[in-house]
Amino acid sequence: MTKFKVAVDAGHGGFGVTPGKRTPDGEYEWDFNNKVAKACVSKLKANGVEVIRTDDPTGKTDVGLTSRTNKANNAKADVMISFHHNANKGIWGTHTGTETFTYIGNWPDAERLAREVQNRIVKAYGLRDRGLKKANFAIVRQSEMPAILVEGGYMDSTIDIKKLRNDAVLEAAGIAAAEGILAYLGTSSSKGASKPTSKPAQESPAPSSSTPAKGYVNGSAGQRVESIYKGKEGLNFYTKAYFDSKYKAGTFGYGMGWEIVKRVKVGSAYMFEVKNSKGVKYYVTASAEYVKVEGKAKASSTSSKGSSSTANIKVGSTVTLQDHASKYQTGEKIPSSVKGKKYTVMQIKNVNQSRSKKAYLLKEIMSWVLEQDVFPKTTAKKSSGGGSAIVPYPGHLIKIGSRGKDVQRIQHAVGVATDGIFGKATKSAVMAYQRRHGLGVDGIVGKETWDKMF
Ligand SMILES: [Zn+2]
């Protein structure tokens with residue numbers, strides 16, 4: 001049985017260390033948040049879940065938002081939850097209710113988590129259900145795992161404050177949130193050819209040309225493995241050779257595929273070690289029920305019309321989301337705050353929608369956009385090409401104290417604010433990146449780390 005890890009966060013800090021964030025009578029938001037967080041932690045621990053607190057549990061400091069998400073990311077938490085209590089204008093009123101936020105755009109896992117939690121905490125608070133919301137909050141944007149932010153009730157509401165001043169209600173809310181998380185984790189087990197295994201994978205002793213084990217397809221370097229699974233949720237791909245949602249890096253849909261590096265044995269099952277067009281390695285199932293293997297096809301599909309301006313976009317490419325874009329491929333309105341910015345293509349799928357034949361999943365906003373709405377900027381390094389990165393290594397180490405354009409590039413790659421100043425937050429994000437990519441973890445960008453990033 002896999003041990004799950006949950007990052008629990010009480011918003012802000014106590015003792016007045018965070019400006020504002022208090023009731024009209026001067027009670028601190030963190031104190032309410034902390035009571036809910038503590039109950040949530042106890043309930044999770046009682047169910048065998050490992051918990052990381054990402055705020056200062058003494059309340060004496062207000063930990064920065066990036067430090068909070070870095071802590072959750074570095075710990076490879078399965079889920080992150082941040083507890084808050086809302087304020088309207090800071091003067092008493094009768095606005096009321098409980099709401100739960102996920103990041104803007106589509107992230108089905110986070111939304112499912114939000115639903116499980118919201119349904120339960122609404123009952124625990126006994127307040128109006130304001131529903132599920134989306135926002136560009138750092139806590140839900142910078143976390144690499146499904147993350148939600150709960151606003152339990154209004155601190156400046158004469159209705160809600162009665163609940164917030166009742167420790168039994170806050171405790172019930174924390175327990176309810178934990179139960180929602182447990183329900184989510186209980187149903188989030190990975191789709192794969194075998195049950196999750198905690199044993200390290202071993203390479204198949206059999207040469208790749210031998211008869212495949214029953215139920216698994218064979219394949220070797222240079223061939224392409226492609227999903228034949230039509231389920232809407234797609235197949236998982238993992239950062240390690242385990243069928244374990246802990247290592248889930250994303251999903252890929254029917255007809256989408258990868259270049260095979262080799263086949264590996266995982267417990268009694270098989271996976272393919274694959275790489276994307278940037279050479280980043282992942283693991284996918286080798287179950288004949290879910291995938292097929294094809295000859296010498298390339299890792300990513302190419303457009304039949306070579307003249308299309310987006311024909312060169314590959315997984316790993318950087319694209320700009322055009323200002324004229326109006327809706328995501330999935331139909332929601334695209335907020336103007338995300339337009340005109342550069343994003344990394346994480347997945348590509350074929351569609352037949354409006355003027356587009358392809359859609360791209362953009363990593364930083366975790367949303368599918370149509371081909372017609374993006375503009376290609378750079379092309380990712382070809383997997384079959386030479387060893388040089390698209391942006392050449394500047395030839396010197398980039399570390400704490402470094403400044404400038406290269407620092408901004410690094411900050412963009414690791415997902416922190418691109419102010420061009422290499423500080424502590426950038427260092428810990430670089431370390432997390434190095435850890436995720438199996439590089440030496442020193443928080444310094446040398447040639448090896450640079451070439452992995454670009
Ligand atoms: Zn707050």
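Because the structure is predicted, anything quoted here is derived from the model rather than measured. Counting starts at 1 for both ligands and their atoms, in listed order.
In summary, E29 places an N/O/S atom under 2.8 Å from the Zn ion (ligand 1), meeting the contact criterion. Here H85 fails the criterion, with no N, O or S atom under 2.8 Å of the Zn ion (ligand 1).
Inter-residue side-chain proximity for D156 and H95 is flagged as met; some heavy-atom pair is nearer than 4.5 Å. With a 4.5 Å cut-off on side-chain heavy atoms, L127 and V122 do not count as touching. Within the 4.5 Å cutoff, side-chain heavy atoms of P146 are placed close to those of W107.
For F101 and F137, the ring centers sit closer than 6.0 Å to each other.
When the Zn ion (ligand 1) is compared with the N/O/S atoms of H84, atom ND1 turns out nearest.
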